[in-house]
2 protein chains.
Amino acid sequence: MSDLAIPLSPELSFLPAKLVRQAYMIGLDSGEALFRRGDMPVAIHCLRAGEVRLVRYSRDGREVVLQRSRGGFFAEASIDAAGYHCDAVAAVPSRVLAVPLVPFKAEMDANADFRRAWGAHLAAELRHLRNRCERLALPTARERLIHYIDSEGQDGVLHCDQGLKSLAVELGITHEALYRTVAKLEREGCVAREGRGLLRLLR
Amino acid sequence: MSDLAIPLSPELSFLPAKLVRQAYMIGLDSGEALFRRGDMPVAIHCLRAGEVRLVRYSRDGREVVLQRSRGGFFAEASIDAAGYHCDAVAAVPSRVLAVPLVPFKAEMDANADFRRAWGAHLAAELRHLRNRCERLALPTARERLIHYIDSEGQDGVLHCDQGLKSLAVELGITHEALYRTVAKLEREGCVAREGRGLLRLLR
DNA sequence: CGTACTTTTGAATCGCATCAAATCTGGTGG
DNA sequence: CCACCAGATTTGATGCGATTCAAAAGTACG
């Protein structure tokens with residue numbers, strides 16, 4: 001493919017050079033679909049820029065967002081599936097690196113190190129999701145936010161460079177509720193805001 | 001081990017006989033720990049009876065349940081970890097099948113079919129968790145219940161043999177809220193209850 | 001038959017969603 | 001540089017739904 005010099009990043013570091021060479025970049029306009037439900041997977045996808053959403057439609061036609069990816073692999077669970085179980089649609093203009101499935105699977109069979117790295121990747125994803133489920137089961141915005149800083153932040157400090165509004169979506173609450181919760185925690189001295197995207201947990 | 005004739009079940013069907021022979025059964029009393037945070041994983045665990053909870057403790061000592069397993073593999077994400085990231089404690093007297101890690105990993109390296117089966121298992125787990133996250137992000141008990149029947153039930157029919165109370169935990173709401181929600185949906189004719197553990201979605 | 005648990009309903013309170021509006025911010029083009 | 005615009009941030013008011021505490025009725029099991 002013409003798209004050489006693909007910038008390295010943590011989520012790609014374990015991909016063997018052989019696979020990176022065979023990968024190709026896909027550009028998506030806002031609203032454009034990468035794949036549709038039922039399509040046969042032909043590649044592993046890694047979001048490099050923009051935002052892709054995995055969506056399904058309930059029987060009454062409402063759209064349900066299954067996953068919001070802002071970077072890294074997505075729909076990894078469909079590698080072995082006969083068809084995707086949802087649509088992948090770009091929410092904003094995006095760039096997706098596609099690693100063809102055939103060489104990917106061949107590498108999985110041949111390369112034990114790569115297998116372990118991919119397994120570790122999936123394991124991290126599992127832990128992450130379990131954590132998120134646990135957080136979303138908490139009853140109040142306050143508890144969810146503190147749980148989030150505890151588990152996603154580093155040493156009690158959270159970098160939310162995307163703004164609080166998108167954090168609210170992640171927490172499953174409205175942005176108003178989140179703003180109010182942050183303000184209250186700040187008043188109580190439990191949390192300090194430093195700059196635009198920094199939350200420090202004091203406790 | 002003396003525990004021969006381990007009954008087969010869907011979640012064990014893909015385990016090679018060789019591994020099943022090397023597995024051993026662990027009995028746990030209520031409250032007994034299978035492993036503690038920091039312990040080095042020595043086996044893959046599959047819950048055969050009872051209930052095991054993966055728990056962590058927040059800095060203020062409160063217990064946080066990361067996962068409630070009522071059957072099947074749990075803490076699969078720790079296969080490659082240097083230590084568990086949580087405690088595993090039986091909530092009721094339980095029986096756990098332990099498949100030693102060394103032969104498990106050896107089989108993963110040697111047996112491509114098994115690798116695929118395990119990969120599919122992890123993929124299913126991922127899809128399941130994403131679904132659950134999506135559900136827990138829904139704002140009302142009503143929407144969560146309908147989403148649950150849609151996605152976990154079969155053809156609009158849900159078998160909740162554990163009773164509505166444990167379903168409430170799964171939905172992240174109190175059992176009172178769930179009882180009221182079911183009653184209201186029934187009055188509206190959206191849901192029919194058939195026997196103790198059957199919910200049919202009419203819509 | 002008694003005990004423990006689930007199921008069910010009631011009442012009071014609290015927190016969040018919703019609708020609305022004002023302010024702030026970064027970025028664009030004149 | 002400044003005007004302007006789109007989006008994020010913030011605060012307010014209101015209603016609904018869930019939590020909480022409480023209690024009664026049903027059910028399984030020894």
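The structure presented is a predicted model; accordingly, all values stated were derived computationally and were not measured. Quick note on labels: first sequence line is chain A, next is B, and so on, each numbered from 1.
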First and last nucleotide of DNA chain C in contact with chain B, 5' to 3', at under 4.0 Å to a heavy atom: what are they? C:dT6 to C:dA11

So do the side chains of A:V99 and A:V20 get within less than 4.5 Å of each other, counting heavy atoms only? no

Answer with base, sugar-phosphate or nothing: what part of the nucleic acid does A:R193 contact at a heavy-atom distance below 4.0 Å? sugar-phosphate

Pull out every protein N or O sitting under 3.5 Å from an N or O of nucleotides 5-8 of chain D, one pair per line with the distance.
from  : atom 1 : to     : atom 2 : distance (Å)
D:dA8 : OP2    : A:K165 : NZ     : 3.0

Indicate yes or no: does A:E152 engage A:R135 in a salt bridge with an N to O separation below 4.0 Å. yes

Write out a two-atom table: protein N or O, nucleotide N or O from nucleotides 18-20 of chain D, distance below 3.5 Å.
from   : atom 1 : to     : atom 2 : distance (Å)
D:dA18 : OP1    : B:A141 : N      : 2.5
D:dT19 : OP2    : B:T174 : N      : 3.0
D:dT19 : OP2    : B:T174 : OG1    : 2.8
D:dT20 : O4     : B:R180 : NH2    : 3.0

Just jot down the side-chain hydrogen bond (donor to acceptor under 3.5 Å, both in side chains) partners of A:R144, sequence neighbours excluded, or say none. none

Across all chains, not counting sequence neighbours, the side-chain hydrogen bond (donor to acceptor under 3.5 Å, both in side chains) partners of A:E51 are A:R53, A:R68, A:R70

Suppose the criterion is salt bridge (charged side-chain N to carboxylate O under 4.0 Å, His left out): which pairs have a residue in residues 170-189 of chain B, not counting sequence neighbours? B:R132-B:E170, B:R142-B:E188

For A:K18, which residues count as a salt bridge (charged side-chain N to carboxylate O under 4.0 Å, His left out) partner, sequence neighbours excluded? A:E107

May I have the distance from B:K184 (atom NZ) to D:dC16 (atom P), rounded to whole angstrom? 11 Å

For the residue pair B:H159 and B:Q154, confirm or rule out a side-chain donor-acceptor distance under 3.5 Å. no

When rounded to whole Å, the CG to P distance for the pair B:L145 and D:dG17 reads 15 Å

Could you list the residues that satisfy salt bridge (charged side-chain N to carboxylate O under 4.0 Å, His left out) with B:R37, not counting sequence neighbours? none

Per-nucleotide protein contact string for nucleotides 25-30 of chain D (B base, S sugar-phosphate only, - none; heavy atom under 4.0 Å): ---S--

For the residue pair B:N131 and A:R56, confirm or rule out a side-chain donor-acceptor distance under 3.5 Å. yes

Holding to side-chain hydrogen bond (donor to acceptor under 3.5 Å, both in side chains), I want the full list of residues that pass it with B:R36, two or more places apart in sequence or in another chain. B:D87

Taking only residues two or more places apart in sequence, or in another chain, which ones meet A:R193 in a side-chain hydrogen bond (donor to acceptor under 3.5 Å, both in side chains)? none

For the pair A:F74 and A:F35, name the ring-plane relationship: parallel under 30°, tilted 30 to 60°, perpendicular over 60°. parallel

Taken in chain and number order and not counting sequence neighbours, the residues that satisfy ring-ring contact (aromatic ring centres under 6.0 Å, His included) with A:F104 are A:F114, A:W118

